[in-house]
Participant: 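Quick one: the structure is below, and I'll ask about it shortly.
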Amino acid sequence: MIKINYTVNLFSENSNNLKNFLKSFYQNDIKLEDEYFFEKNFENPIDMIELISTLIDNNEKFNTAVWISLDKNIYINITDYNLDKIIRYLFERYPY
């Protein structure tokens, strides 16, 4: 059986913003290969909701872009305007 990974990508023009958000979210220092980019894979897309909603809710402080991928090579930009719809969609498409 092929295992599908769902992805969250975070981008920032300021490396401190990204590092500060990740440190705050994970309550631990995260070593980044690229100071302006962070990628996290999830086996269950419902698990990505906490990360994306926390960042969007605090994005005035961290100014970091959020993109998710639910299907191969298709990315969705998450914003204040579409966060609630995306969360509803995730629960509808991937019910527990």
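Count residues from 1 along the sequence.
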Participant: Keeping to residues at least two apart or across chains, list the ring pair (Phe, Tyr, Trp, His ring centres under 6.0 Å) pairs with something in residues 39-65.
Facilitator: Phe21-Phe62
Participant: Among all residues two or more places apart in sequence or in another chain, which pass the ring-ring contact (aromatic ring centres under 6.0 Å, His included) test with Tyr6?
Facilitator: Tyr94
Participant: How would you list, by chain and number, every residue that makes a side-chain hydrogen bond (donor to acceptor under 3.5 Å, both in side chains) with Thr7, sequence neighbours excluded?
Facilitator: Asn41
Participant: How many angstroms lie between atom NZ of Lys40 and atom CZ of Phe25, to the nearest 0.5 angstrom?
Facilitator: 8.5 Å
Participant: Return the set of residues passing side chain to side chain contact (heavy atoms under 4.5 Å, CB included) with Glu13 (not counting sequence neighbours), or none when no residue passes.
Facilitator: none
Participant: Scan the side chains in residues 44-61 for donor-acceptor partners under 3.5 Å anywhere in the protein, sequence neighbours excluded, and list what turns up.
Facilitator:
from	atom 1	to	atom 2	distance (Å)
Asn44	OD1	Ile46	N	3.0
Ser53	OG	Ile49	O	2.7
Ser53	OG	Glu50	O	3.4
Thr54	OG1	Glu50	O	2.7
Asn58	ND2	Thr54	O	2.8
Asn59	OD1	Asn63	N	3.1
Asn59	OD1	Thr64	N	2.7
Asn59	ND2	Thr64	O	3.0

Participant: Tabulate below the donor-acceptor pairs under 3.5 Å that side-chain atoms of residues 29-36 make, not counting sequence neighbours, or state none.
Facilitator:
from	atom 1	to	atom 2	distance (Å)
Asp34	OD1	Tyr36	N	2.9

Participant: Can you confirm whether Glu39 sits close enough to Val8 that some side-chain heavy atom of one is under 4.5 Å from a side-chain heavy atom of the other?
Facilitator: no
Participant: Sequence neighbours left out, cut at 3.5 Å: what donor-acceptor pairs do the side chains of residues 70-91 make with other protein atoms?
Facilitator:
from	atom 1	to	atom 2	distance (Å)
Asp71	OD1	Arg93	NH2	2.7
Asp71	OD2	Arg93	NH1	3.1
Thr79	OG1	Tyr81	N	3.1
Thr79	OG1	Asn82	N	3.3
Thr79	OG1	Asn82	OD1	3.3
Asn82	OD1	Thr79	N	2.7
Asn82	ND2	Asn77	O	2.8
Tyr89	OH	Arg93	NH1	3.0

